[in-house]
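Notes follow the structure.
Residue numbers begin at 1 in each chain, while the letters A, B, ... track the order of the sequences.
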There are 2 protein chains.
Amino acid sequence: MNRVALLTIGDELLEGRTVDRNAATLARAFTDAGGVVIATESVGDDVTRIADSVRRLAAAASTVVLTGGLGPTPDDLTRAALAAAADCALVSDAAMEAAIEVLTRGHAPARNRLQAQRPAHARWLDNPVGSAPGLALEIGAATVYALPGVPREVAAMLPSVLDEWQARTSARPRARRTLSVIGVREADLVDRLGPLLARGVTPEVSVTVHSGVITVTVRGTGADERAAAIRAALGDDCFADDDTTLAGTVVLALRVRRATVAVAESLTGGMLASLFVDVAGASDVFAGGIVAYHDAFKTSLLDVPASILAQHTAVSEAAVRAMASGARQRFGADFALATSGAAGPEPDGPAAPGTGWIACAGPDGASTRALNMPGDRALVRRRFALAALDLLRRQLLADTP
Amino acid sequence: MNRVALLTIGDELLEGRTVDRNAATLARAFTDAGGVVIATESVGDDVTRIADSVRRLAAAASTVVLTGGLGPTPDDLTRAALAAAADCALVSDAAMEAAIEVLTRGHAPARNRLQAQRPAHARWLDNPVGSAPGLALEIGAATVYALPGVPREVAAMLPSVLDEWQARTSARPRARRTLSVIGVREADLVDRLGPLLARGVTPEVSVTVHSGVITVTVRGTGADERAAAIRAALGDDCFADDDTTLAGTVVLALRVRRATVAVAESLTGGMLASLFVDVAGASDVFAGGIVAYHDAFKTSLLDVPASILAQHTAVSEAAVRAMASGARQRFGADFALATSGAAGPEPDGPAAPGTGWIACAGPDGASTRALNMPGDRALVRRRFALAALDLLRRQLLADTP
């Protein structure tokens, strides 16, 4: 068994100053590569605790990957802890010191000296994007890899660590398919998929939910076939089977049709535009957007008739339809999306927090949807933005000849 | 010592399908409440592994808080694992089953039965926002609290758990001040603060950095005085000492001046508007925004002279200044911010990824800044948006009579 244990190091983790993203990054990478991650742990900047955890994890797993504590400050104690865990001396490496000296242009020589220390039994791992090199050493029957705590440096160093790990363990990458689903409640999805979600057999199927988007992960032999069956059962509710975001899916669908989109945002306030612009290369389909937070600008910038706002309020089907139509015209776009509602915590006139409307205007008219979303202000806004993207996605699917 | 250990449970954590936010939430809450979090661990949905971790952590800490595995599906195994760790039977609780029956309106009685099981020695913890109740029990000398894994439910149940914990341990809340800093590099901040950052003494001072915003956390007796001294040393580079976001700080400064702001975004593409709208009650100072991703709309919607775009390109000081001025006019706002640049991964004409301009237009003219930000597309956009907020913040500080 290719058992992997993860250890993330730093007082900031135990005081909740930082959310631990490295653990998830490493867990996903080693699981995909064919490993079985048996545990992840976090400990503070303390030589004894780090050494104790490393020894215990090295006894339970054949590989231990740790992050953090390799920087140049006095509370970077991973080097000393690894020497203690491996029961060897901490030595100064003149060649590494010279290399770091070049990298930092000679600033802070005392700090460079600290970073050039390593347990006598350890070897260096190259860090292509930072001054703190990584370390690898054997402790008992386990190989321990130590990486810096900066997520960008972990990402940069991970491929070569995985290569070495794969060569050493002969682990075989585990097939993974990730299906992304929107517009379905988790309980309904479970009912619809029934035996396709069977547990305890290969391929393994698991379900997670974030902001109303359900992710179905299928792992192991037969993943492709099972994922295809699940995708077929979900039909249009499944928007991607390859980690593409919802915005990425919509950008792609627009690009295929050589169509453009604009947005008119009230409640989402720029978030919808931002989801489009997040997609690299979105500029060939995303025309632009108008954030019309006040009614006056819904009229002056989006041509929403003042009579509609007076008669129906801004949080109404008529208003959101007019906003979408106005944005479509102003940007000369093929499609336009609009959002209006109460994000909370306070109601917006008669509209309760979490309630509102979205619209999608296109060449063949507009479709609208009333929404009532749970969650705090940030989550309500995010759910509205995703629901608007999904409205356009389904529109594009329906339009396909 | 009020030692606390945290355990988060779920295969999704060991496969990297979910970033573990519960650990950070709990770590922060118990540290603030006067606890010392000695370790956090994650294990999968496995009775033996959960029970082993609970026993080991209960021997090392006086309190163990765990999340996850209390739901109604067969892989929710925390109840059984706690019974094993406490060496007692798993019993059915008819009263709890009846209560859950009411809550779920009788759907899925088999699932309700599962959730109504508890270790014989455990008592229930009320869950005000979900159907899975929590559990509390003694294992050895430690008290173990088990909460569901949904972050919203953890947040809802945490206050009463902390109250009970505080009454039991007589722990006293630990003073914490959080200073937020922008526009300074971490190394320069360390140099400027010198002995104010002394380590290993009370109050403890620690530094973390995210997207170019530095957080200086000061904890323990004397935190207020030390924080005040650090704030004085940092001057205007420190924008908050109470967890207020940069956008929140700017909204407050605008509100005090009864001033309004609008935005004109190219590179940030709605993110800057969204940061304003994230602030509850922003509508009294945030007028709106225009995302003009294409040059044609910079002219038609923001009145940027075509000659400026032709002569200087859209990524230029002249263009971003005209964008800000155009947004200020269109929205009749007191101030306007504009962003233009190359987010990457591809260059935008002659502009390299990460480079561009921001502008702030106000009653007394416009100020501009050239930026060159490291990071991927999402990070570059975020850094530009934050830099634009900071440009306005410093403008407002300078304008104060």
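In this structure, the portion of B/R377 lying under 4.5 Å from any heavy atom of chain A is its side chain and not its backbone. Contact annotation for B/D75: only side-chain heavy atoms (C-beta onward) come within less than 4.5 Å of a heavy atom of chain A. Only the side chain of B/V190 has a heavy atom closer than 4.5 Å to any heavy atom of chain A. Heavy-atom distances place the side chain of B/E204, and not its backbone, under 4.5 Å from chain A. Heavy-atom distances place the backbone of B/D20, and not its side chain, under 4.5 Å from chain A. If you measure heavy-atom distances from A/R219 to chain B, the contacts under 4.5 Å come from the side chain alone. Of the atoms belonging to B/T217, it is side-chain heavy atoms, and not backbone ones, that fall under 4.5 Å from chain A. Both the backbone and the side chain of B/F286 come within contact range of chain A, each with at least one heavy atom under 4.5 Å from a heavy atom of that chain. Within the 4.5 angstrom heavy-atom criterion, only backbone atoms of B/V207 (N, CA, C, O) approach chain A. Contacts of B/L301 with chain A are made by side-chain atoms alone, with heavy-atom separations under 4.5 Å and no backbone atom involved. Neither the backbone nor the side chain of B/V129 comes within contact range of chain A; no heavy atoms are under 4.5 Å apart. Looking at B/T268, the atoms closer than 4.5 Å to chain A (heavy atoms on both sides) all sit in the backbone: N, CA, C or O.
Between chain B and the options A/T18, A/L272, A/T215, A/V263, heavy-atom pairs under 4.5 Å are most frequent for A/T18. In terms of non-hydrogen atom pairs under 4.5 Å with chain A, the most contact-rich of B/G44, B/A39, B/A262 is B/A39. Contact count against chain B (heavy-atom pairs under 4.5 Å) is highest for A/A280 among A/A273, A/G288, A/A280. Chosen from B/L14, B/V19, B/T31, the residue pairing most often with chain A at heavy-atom distances under 4.5 Å is B/L14. By number of non-hydrogen pairs under 4.5 angstrom with chain B, the leading residue of A/S283, A/S266, A/G270, A/S274 is A/S274. Interface remark: of the candidates B/A343, B/S53, B/A24, B/G269, B/G269 forms the most heavy-atom pairs closer than 4.5 Å to chain A. Counting heavy-atom pairs under 4.5 Å between each of B/D278, B/T208, B/V43 and chain A puts B/D278 at the top. Per-residue counts of heavy-atom pairs under 4.5 Å with chain A were compared for B/E12, B/R152, B/R21, B/R28; the largest is that of B/R28.
Between A/V36 and A/R174 the shortest side-chain heavy-atom distance falls below 4.5 Å. Between A/L267 and A/V380 the shortest side-chain heavy-atom distance falls below 4.5 Å. Within the 4.5 Å cutoff, the side chain of A/F331 has heavy atoms near those of the A/I290 side chain.
Interatomic distance, CZ of A/R49 versus CG of A/L77, reported as 13.5 Å (0.5 Å rounding). Taking CG of B/D303 as the start and OG1 of B/T299 as the end, the distance is 8.5 Å to the nearest 0.5 Å. A distance of 8.5 Å separates CG in B/D52 from CG in B/D46, rounded to the nearest 0.5 Å. In this structure, OG on B/S42 lies 9.0 Å from CD1 on B/I9, to the nearest 0.5 angstrom. Between atom OG1 of residue B/T25 and atom CG of residue B/L6 there is a gap of 10.5 Å, rounded to the nearest 0.5 Å. A/D32 CG to A/R176 CZ: the interatomic distance, rounded to the nearest 0.5 Å, is 4.0 Å.
Side-chain contact of B/R17 with A/S206: a donor-acceptor pair under 3.5 Å is present, judged by distance alone.
Put simply, the residue from A/D11, A/T73, A/L13, A/D76 that forms a side chain to side chain contact (heavy atoms under 4.5 Å, CB included) with A/D45 is A/D11.
Panel note: side chain A/E265, backbone A/G289; no donor-acceptor pair is recorded below 3.5 Å.
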